Amino acid sequence: MRRTSSSRSRVAVLAGGGLLLGALSGCVAGNPPPPSATSVAAPAPSGGSTAPTPTPSKRSPPAPQAPPEPATASPEPGAPVFSAAVGPVTSELAERMTPSSWREGCPVGLADLRYVTLTHRTFEGGVATGELVVHADVADGLVGVFHDLFDAGYPIRSMRLVDDFGGDDDASMAADNTSAFSCRPVAGTDRWSEHAYGRALDLNPVENPWVSGDAVEPPAGAEFASRPAVAGVIAPDDATVRAFLAAGWQWGGYWTGPVDYQHFSTNGT
């Protein structure tokens, strides 16, 4: 990319409160005996007679009801679950990365980088597993960001290492590929990009292009330069931006010019 600056429901069991049934004793004329507190069980029904049905006493309050337990949300059975793993750059991965995205003389060593795999939503409504290489200091925090994006339903077109594109940033962007580490300078300068430190990430480059006047990169991003409210497009203060900001990352979409809608970095460049 070219840029000049860079959450079971429990069933609430309502304890059934039964009504205490009582019967009032009859009164006899004259001096009535004191009321009896003896309760008499109603006889069982038989074929020749039917026992009278007791009348509930209005003076007998119902037993207290137990308060319902608080309801909590639970994942829908079979719903996709976010997962991620963070590991070192193995010898096999180092071979894959050299020399397309890393080489001797880069400002960060392979031992300081981490290989991250994580699940993400797709534009087709499914779930896929992507991969990133980032600096060790930001790996765990970035996993948290993508967990938030997964929960928010944000789709990602592709998430592969730039090495799958020969380390060519333009080719990676044209494929709408989300990537992070790439040992390269800021285009047009001799200054290392934050990507070269594993502290920057480009997210859905086509839907979120780099824009400077009439220039748009990648070119396929021209139809999104006006920032239509469609899937994948990042907007100011949306869930995507908030997730990155909460983790200490800054968004190139807030730049005054050029504007880099795909770009997030830890230092704002």
Side-chain angles (χ1 to χ4, degrees), residues 1-7 73 75 79-82 84 116 118-128 130 132 134-135 137-159 169 172-173 176-182 186 193-195 197-269:
M1 157 180 46
R2 304 182 183 279
R3 47 181 76 86
T4 57
S5 56
S6 51
S7 174
V81 177
F82 176 86
V116 180
L118 53 85
T119 50
H120 64 82
R121 307 284 184 174
T122 69
F123 279 81
E124 295 73 32
V127 172
L132 296 167
V134 298
H135 197 281
D137 291 349
V138 302
D140 291 339
L142 197 59
V143 166
V145 171
F146 280 96
H147 195 168
D148 289 344
L149 300 191
F150 185 92
D151 290 347
Y154 181 82
I156 296 173
R157 185 81 61 188
S158 167
M159 188 185 291
D169 185 53
S172 178
M173 286 196 300
D176 204 10
N177 184 58
T178 294
S179 65
F181 176 77
S182 181
V186 176
S193 164
E194 285 301 293
H195 289 277
Y197 298 90
R199 298 179 182 278
L201 178 144
D202 295 332
L203 184 60
N204 286 339
V206 171
E207 289 77 15
N208 303 289
W210 175 93
V211 179
S212 181
D214 294 331
V216 179
E217 295 187 19
E223 66 177 291
F224 300 100
S226 62
R227 317 314 292 144
V230 297
V233 171
I234 304 169
D237 198 39
D238 68 5
T240 301
V241 173
R242 292 197 303 271
F244 275 98
L245 292 180
W249 293 63
Q250 301 181 50
W251 182 42
Y254 286 138
W255 297 351
T256 57
V259 183
D260 203 349
Y261 295 111
Q262 66 197 263
H263 187 76
F264 291 90
S265 65
T266 58
N267 72 349
T269 64

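All residue numbers refer to positions in the sequence shown, counting from 1. The model shown is predicted, which means the values in this text are computed figures rather than measured ones. Heavy-atom basis, side chains included; hydrogens, waters and symmetry copies ignored.
Salt-bridge annotation for D148 and R242: absent, with no side-chain N of the basic residue lying under 4.0 Å from a carboxylate O of the acidic one.
Note: H263 and W255 have tilted aromatic rings, judged against thresholds of 30 and 60 degrees for the angle between ring planes. Under the 30°/60° scheme for interplanar angles, the aromatic rings of W251 and F264 are found to lie parallel.
Atom CD1 of I156 and atom CZ of F123 lie 8.5 Å apart (nearest 0.5 Å). Note that OH of Y261 and CZ of R227 are 5.5 Å apart. Values are rounded to the nearest 0.5 Å. Between the CE atom in M159 and the OG1 atom in T178 there is a gap of 5.5 Å [rounded to 0.5 Å]. Annotation: the span from F150 atom CZ to L118 atom CG amounts to 10.0 Å, rounded to 0.5 Å.
Of the possible polar contacts, one joining the H195 side chain to the A180 backbone as a donor-acceptor pair under 3.5 Å is found. At least one donor-acceptor pair closer than 3.5 Å links the side chain of Q262 to the backbone N or O of N208. Remark: side-chain polar atoms of H120 are not paired, donor with acceptor, to backbone N or O of R157 under 3.5 angstrom.
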Do any side-chain atoms of residues 232-240 form donor-acceptor pairs under 3.5 angstrom with protein atoms, and if so which ones, sequence neighbours left out?
residue : atom : partner : partner atom : Å
D238    : OD1  : T240    : N            : 3.1
D238    : OD1  : V241    : N            : 2.9
D238    : OD2  : A235    : N            : 2.8

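Scanning for side chain to side chain donor-acceptor pair (under 3.5 Å) contacts around Y154 gives N204, with sequence neighbours left out.
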